[in-house]
Amino acid sequence: MISLKNSSLLKDQCLVGGQWVGAASGNTIEVRNPADGSLVGEVPSMSREETERAIKAAGESFPSWSKLAPKERSAILRRWNDLIIENADDLAVLMTAEQGKPLAEAKGEVVYAASFIEWFAEEGKRTYGDVIPSPQTDKRFIVIKQPVGICAAITPWNFPAAMITRKAGPALAAGCVMIVKPAGATPLTALALAELAVQAGIPKGVFQVLTGSSKEIGGALTESPDVRKLSFTGSNEVGRLLMAQSAPTIKRLSLELGGNAPFLVFDDADLEAAVDGAIASKYRNAGQTCVCANRLLVQDGIYDAFANRLAQKIAELRVGAGSQEGVSIGPLIDNDALEKVEELVGDATEKGAKILLGGKRHALGGQFYEPTILTEVTTTMRVAKEEIFGPVAPLFRFKTEQEAIAMANDTEYGLASYFYTKDSARVWRVMEALEYGMVGHNTGLISNEVAPFGGIKQSGLGREGSKYGIDEYLEMKFMSTTV
Ligand SMILES: NC(=O)c1ccc[n+]([C@@H]2O[C@H](COP(=O)([O-])OP(=O)(O)OC[C@H]3O[C@@H](n4cnc5c(N)ncnc54)[C@H](O)[C@@H]3O)[C@@H](O)[C@H]2O)c1
Ligand SMILES: O=C[C@H](O)CS(=O)(=O)O
């Protein structure tokens, strides 16, 4: 078991209606460390019954929370932000233990997660409406914005803190209340955030976290007409299912789904910068992020130099348990993820790809996989179409800018994209031609709380973060009055 400085953060119960409770069934779910399979903790295996209790408690808390002055909600959220930062070391230890990412990355995620609370504590004070000049002299037109109401959030395992606060921050700042169902693999970080929410003074029923059966909890949340919004981050398969389940009650939806990010390197790119950007984008969280470079499209003239320099630098990356000093690449989240990566590498090599580096399970065994570079990859291979979600960099060749754009856009996804060039005219042509919600030029890292995060095509609906993110939790009301 792990040891924390603040022992109150290691929870084995869920926060429902302001109470820390177990499952009605008494059943629990084990949380195990992906680095060595050791037991990290146990959480309740909750179901419909507890979810319905949480929806009721949310409904009871919404009137008073939504009627607080925005400045009062802001002060409480600011305290939550401050407590998350004060407890960042413990939260990072907890995250690494249940998710596997290196401790430094986990600490970075905790700070990133807190930034959404800090940002929306301020944005909640600026939910401005409109006064519209009326076409009739005896009428006055105004528009106000009001909170959506009871919101549900279902979140993934790869960013156990940030994917929660990126939803709860704007929701609570807007005056909504939220029920969170975290991923089964990483519930402890979510429950620790709930503990800090209580300590910050977030009233009972305003922020609740339920762990347990995804189908049962998700089913109760999507079927309830009282839940007016669902914000989901996860796979396209589950996103489509939840969208369909939400249709009968016409819920507001935010969907942050999968990606297949192209990473274009033109002949005129700064080679070192492009290699460093590729590593930052591709190998963060062992490649388990939705915005990872999934396809590296490299122009013919720079291809060999880029591939060799990339291999030199990746060979220096250390693989191991995220809790170990100096480790850059932790384990994959589970055995299914490991087998999926193996399948994709096998498919590529069977169809002619070459292994420049890695290409197999790491000698450490377990869920560790070698950082890998595939060359001479073609669009006939599964890695061209599927999200790899592992430390594998497939290198494709292109000759012209037009060919690069066509290859980059040849996917159902449209989340993140990246390109390296020093040609200023090309910057505008490529940025405008890429069919993605987000584009990075001469950088491999774009995510930030002040910028709109989200995708087009089948990568989702809506935006999180930025001045736009709070609109996902507001309803617009028009009033015409006769004077
Ligand atoms: N766009 C983004 O911001 C973003 C961020 C992180 C992850 N992702 C995507 O998420 C995927 C990886 O995360 P994952 O494995 O946790 O995804 P997942 O879809 O398997 O699970 C996401 C969440 O949905 C829950 N869930 C699963 N089946 C459900 C059901 N039938 N009803 C209700 N809830 C259900 C899971 O328990 C988890 O909490 C990747 O595709 C990745 O690209 C996207
Ligand atoms: O998996 C994708 C998340 O959104 C991670 S981040 O926002 O890019 O850090």
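Counting convention: from 1, in listed order, for ligands and their atoms alike. Note that this is a predicted model, so its numbers are computed, not measured.
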For ligand 1, which is the ligand I care about here, please tell me if [X] has any N or O atom under 3.5 Å from one of the ligand's N or O atoms.
X	answer
N158	no
K181	yes
K215	no

### Query
Does the cation-pi check pass for K101 over F159, that is, NZ or CZ under 6.0 Å from the six-membered ring centre and within 45° of its axis?
yes
Using a 4.0 Å heavy-atom threshold (strictly under), name the region of [X] that reaches ligand 1: side chain, backbone, both or neither.
X	value
Q288	neither
R166	side chain
P182	backbone

Counting heavy atoms only, which of [options] comes nearest to [atom]?
atom	options	answer
atom 30 (C) of ligand 1	T289, L257, I333, L241	L241
atom 15 (O) of ligand 1	W157, F232, Y413, F159	W157
atom 22 (C) of ligand 1	N236, D334, L415, T233	T233
atom 17 (O) of ligand 1	S254, A416, S235	S235
atom 9 (C) of ligand 1	A162, G234, S213, G239	G234
atom 4 (O) of ligand 2	E464, R166, Q288	R166

Treating [X] as the side-chain partner and [Y] as the backbone partner, does any N or O pair qualify as donor plus acceptor under 3.5 Å?
X	Y	value
S47	E49	no
E342	R361	no
R32	G37	yes

Quiz question: by atom type and distance under 3.5 Å, do the side chains of [X] and [Y] form a donor-acceptor pair?
X	Y	value
E42	T28	yes
Q99	N285	yes
Y473	R252	no
K181	T155	no
T411	N260	yes
T249	K251	yes
K167	S231	yes

Please identify which atoms of ligand 2 are closer than 4.0 Å to at least one heavy atom of [X].
X	value
N158	1 (O)
F453	4 (O), 7 (O), 8 (O)
Y112	6 (S), 7 (O), 9 (O)
T289	1 (O)

### With sequence neighbours excluded, residues passing side-chain hydrogen bond (donor to acceptor under 3.5 Å, both in side chains) with R382
E343, E386
### Task
Please confirm whether F453 and W119 have ring centers closer than 6.0 angstrom.
no
Return the residue, atom name and 0.1 Å-rounded distance of the protein heavy atom closest to [atom].
atom	answer
atom 5 (C) of ligand 2	F159 CE1, 3.3 Å
atom 3 (C) of ligand 2	C290 SG, 3.5 Å
atom 9 (O) of ligand 2	R284 NH1, 3.0 Å

Heavy-atom pairs closer than 4.0 Å: do any link ligand 2 to the side chain of [X], the backbone, both, or neither?
X	value
S447	side chain
E105	neither
I446	neither

### Summary
Quick note on ligand 1: atoms under 4.0 Å from a heavy atom of C290 include exactly 1 (N), 2 (C), 3 (O), 4 (C), 5 (C), 8 (N), 43 (O), 44 (C)
### Task
Heavy-atom contacts with L242 under 4.0 Å: which atoms of ligand 1 show up? List them by number with element.
32 (N), 33 (C)
### Query
Rounded to the nearest 0.5 Å, what separation is found between the CG atom of L374 and the CE atom of M381?
8.5 Å
### Message
So, 4.0 Å and heavy atoms of M163: is ligand 2 close enough to count as a contact?
### Response
yes
### Query
Is V291 close to ligand 2, meaning an N/O of one under 3.5 Å from an N/O of the other?
no
### Message
Tell me every residue that passes salt bridge (Lys or Arg N to Asp or Glu O under 4.0 Å) with D471, counting only those two or more places apart in sequence or in another chain.
### Response
K145
